[in-house]
Amino acid sequence: MKELIDVLNHASKVYYQGQDEEMSNFQYDALYDELVSLEEKTNIVMANSPTVHVGYETISELPKEPHVAPMLSLGKTKDAEELADWLGERKGLLSLKLDGLSVILTYEGGELTKALTRGNGEIGEVITNNARTFQNIPAKITFQGHLVIRGEALIRYSDFRVLNESFSDIQEKYKNPRNLCSGTVRQLNNQITAERNVHFYVYDLIESDGSGQVFTEKEEILKFLDGQGFDIVPYKVVDGEDIRQAVAQFSDEIANGLDLPSDGLVLTYDDIEYSKSLGRTSKFPRDSIAFKWQDELAETTLLDVEWSASRTGLINPVAIFEPVELEGTTVSRASVHNLSVLRELELGIGDRITVYKANMIIPQIHENLTGSSRLTIPGQCPVCGEKTECVNENGSEFLICPNPGCYAKKIKLFTHFVSRDALNIDGLSEATLEKFINEGWLHDLCDIFNLAEHKEEIETMDGFGKKSYQNLIQAIEEAKDAALERVVYSLGIKGIGLSMAKLICKTYPVRLSEMENLTPEELTDIDGIGEKLAESFCEFFQRGENRELVKKLEQILRITMPEQNISTQLEGAVFVITGSLKHFENRNACKEQIERAGARVSGSVSKNTTYLVNNDIQSSSSKNKKAKELGVPIITEEELLQMLR
């Protein structure tokens, strides 16, 4: 029991902090059910058991506040018959259990005043500024009273695929939309949240005062909130007779490519008074129950493991198996993620394995029934033949190709350079770039701007002609007018996405070649950039070949610099902002005002900090403690505004 508790609590910690999950829902539920069974048999329940505690208290610098009512978990079943028995003769609401991050919104006088994450169920993190960037919540509603609602913040599958492709390194990529959403909603910089298309779907009313309206059924509440402009979680009104059909209909919607991530259904009684009369246990409300998708398993044979080389040098294993039908589609491939996962599965060619679709979408290996461990890890890069290396990062082992001239790296690097968020050169697909590289026309990134030298050859290539050649050359010429942050992003620096490039360029608006003078300490002063990203950035500009590339790009491109601050009112001062803001729309708006006054905004308190801005001066946050230790003055937003006048 103690071993199961340790494993489940660690998995829960990873889940709630939005990191890359270490086990699937399927595996977690199996271990959880085993623990419940043991507790029932022994009549012993440990104090730290996940069957007692709700959620996990996240570690964050976001301010925290208690909820107006406990945010409880739900009891669960995987049997539709149990749902029917549970509902009995009563009317119920069956809705999608959306797979994102629970968020509680408070409206006063028709305006959003507060947003909290679920946190540990009792205390949540304040994410009001981030919530204001959600794509589909109303900033103002017609209802003028006090309103507290609960819903799910999520990133849709279509947005998830686009976002995940934009991350420059495999370690940055997320396994599923839930992990990406959790990390996004809890960002300290809400510009990042805004760029990731977070959506919100409401499913419960927690408190309401001043409506003059008495609700007797939960469907009435959902219709009321729908009338206020909120998107409502998809639901069906059911009774004990048609609940099985409703479960099947939801299952079909998921299998047919529903864009909303879902890990099951929620059934609740529609009658509000009856629901209230049932009360709650220490962990679960008695008026609702969750239905978890029973992942469809299929047994098959492992035929091969492909090793796919990336632009950053990572060589990623992909399992190839005999095709099987899962959730209505044919599946024959599944990512194995890294060497650690591969070894844990003890894979070998010819092994019998079971596979499933996580959340009915993403193919995964569930179990290796043979466990032969006969798989040979390649000692050479499958593309260039260079000797491979094994590296350990954050406890996971990866296979890499150390050859900087690897052909796979070259193709991926060129593809990244011309991508939409980089220099955005239309007409240079990966396949076209591969042809040009094979012809020997592209050796480094600057060669793209010399493609006009091969006019006759390009016009006669398959898929090209005079018109398409002219369009390509025009796109290349237009790409020479580029913003500094897009040029920095286009370089493919490990870990530096477009949002990070914007932060760096806005904080340090220097020429591209002068970025080699930035230090890791200066970069970590930027809110949202940690030590690893800072080291990666500096290492890139310290390499000789990269410095040469940067100098050549400066001669070719017409780089637009970020707007310079002209005020020197607070020149030399360093501010750190923490906590919720009342007068500024968000932290970014506050930061812009400070920078316009000639000061700088850092992400962490240090001996160089001039002021810490925090409306809660008595807060016990780590930044307040650090400021007091170092003798840094803590000022309120009002005091800051006085300085800026």
For [Y], does its backbone N or O pair with a side-chain atom of [X] as donor and acceptor, under 3.5 Å?
{"X": "Thr133", "Y": "Asn130", "answer": "yes"}
{"X": "Glu108", "Y": "Leu147", "answer": "no"}
{"X": "Asp242", "Y": "Asp239", "answer": "yes"}
{"X": "Thr193", "Y": "Thr184", "answer": "yes"}
{"X": "Thr117", "Y": "Val103", "answer": "no"}
{"X": "His366", "Y": "Gln364", "answer": "no"}
{"X": "Ser251", "Y": "Val247", "answer": "no"}
{"X": "Asn338", "Y": "Phe398", "answer": "no"}

(message) Among residues at least two apart in sequence or on other chains, which ones pass ring pair (Phe, Tyr, Trp, His ring centres under 6.0 Å) with Trp86?
(response) Tyr269
(message) So, using salt bridge (charged side-chain N to carboxylate O under 4.0 Å, His left out) as the criterion, who are the partners of Arg150 when residues are at least two apart?
(response) none
Where [X] and [Y] come nearest, the two heavy atoms and their spacing:
{"X": "Tyr203", "Y": "Val233", "answer": "CB-CG1, 3.5 Å"}
{"X": "Arg420", "Y": "Asn424", "answer": "O-CB, 3.4 Å"}
{"X": "Asn368", "Y": "Gly348", "answer": "ND2-N, 4.5 Å"}
{"X": "Leu222", "Y": "Ile232", "answer": "O-CD1, 3.5 Å"}
{"X": "Ala319", "Y": "Ile365", "answer": "CB-CD1, 3.8 Å"}

Looking at [X] and [Y], does any basic side-chain N land under 4.0 Å from a carboxylate oxygen?
{"X": "Asp287", "Y": "Lys218", "result": "yes"}
{"X": "Lys223", "Y": "Asp226", "result": "no"}
{"X": "Arg118", "Y": "Glu125", "result": "no"}
{"X": "Asp271", "Y": "Lys91", "result": "no"}
{"X": "Lys97", "Y": "Glu152", "result": "no"}

(request) Establish, for the pair Arg333 and Phe321, whether the NZ or CZ atom is under 6.0 angstrom from the six-membered ring centre and no further than 45 degrees off its axis. (result) no
(message) For His416 and Tyr489, I'd like to know if the aromatic rings sit close, meaning centre-to-centre distance below 6.0 Å.
(response) yes
(request) Establish, yes or no, whether a centroid distance under 6.0 Å links the rings of Phe143 and Tyr107. (result) no
Quick one: pull up [atom1] in [X] and [atom2] in [Y] and give me the separation to the nearest 0.5 Å.
{"X": "Asp204", "Y": "Ile221", "atom1": "CG", "atom2": "CD1", "answer": "7.0 Å"}
{"X": "Ile5", "Y": "Leu38", "atom1": "CD1", "atom2": "CG", "answer": "9.5 Å"}
{"X": "Ile149", "Y": "Gln228", "atom1": "CD1", "atom2": "CD", "answer": "9.5 Å"}
{"X": "Leu225", "Y": "Phe230", "atom1": "CG", "atom2": "CZ", "answer": "6.5 Å"}
{"X": "Leu112", "Y": "Phe134", "atom1": "CG", "atom2": "CZ", "answer": "9.5 Å"}
{"X": "Tyr356", "Y": "Glu367", "atom1": "OH", "atom2": "CD", "answer": "11.5 Å"}

(message) Run Glu81 and Arg244 through salt bridge (charged side-chain N to carboxylate O under 4.0 Å, His left out) and show every step you take.
(response) CA-CA 7 Å; Glu81 294 297 327; Arg244 300 166 190 80; 2.9 Å; yes
Are a donor atom and an acceptor atom from the side chains of [X] and [Y] found within less than 3.5 Å of each other?
{"X": "Ser158", "Y": "Asp259", "result": "yes"}
{"X": "Tyr235", "Y": "Glu219", "result": "yes"}
{"X": "Glu299", "Y": "Thr354", "result": "no"}
{"X": "Glu322", "Y": "Ser332", "result": "no"}
{"X": "Arg352", "Y": "Thr370", "result": "no"}

Contact check, side chains of [X] and [Y], non-hydrogen atoms, under 4.5 Å:
{"X": "His146", "Y": "Thr106", "answer": "yes"}
{"X": "Leu4", "Y": "Leu31", "answer": "yes"}
{"X": "Asp263", "Y": "Lys292", "answer": "yes"}

(message) So for atom CG, which belongs to Asp426, do other residues, nucleotides or ligands contribute more than 12 heavy atoms lying within a distance under 6.0 Å?
(response) no
(message) Could you walk me through whether Lys502 and Glu195 satisfy the salt bridge (charged side-chain N to carboxylate O under 4.0 Å, His left out) test, starting with their C-alpha distance in whole Å, then the side-chain angles of each, then the deciding distance to 0.1 Å, before giving a yes or no?
(response) CA-CA 12 Å; Lys502 286 179 179 177; Glu195 291 171 351; 3.4 Å; yes
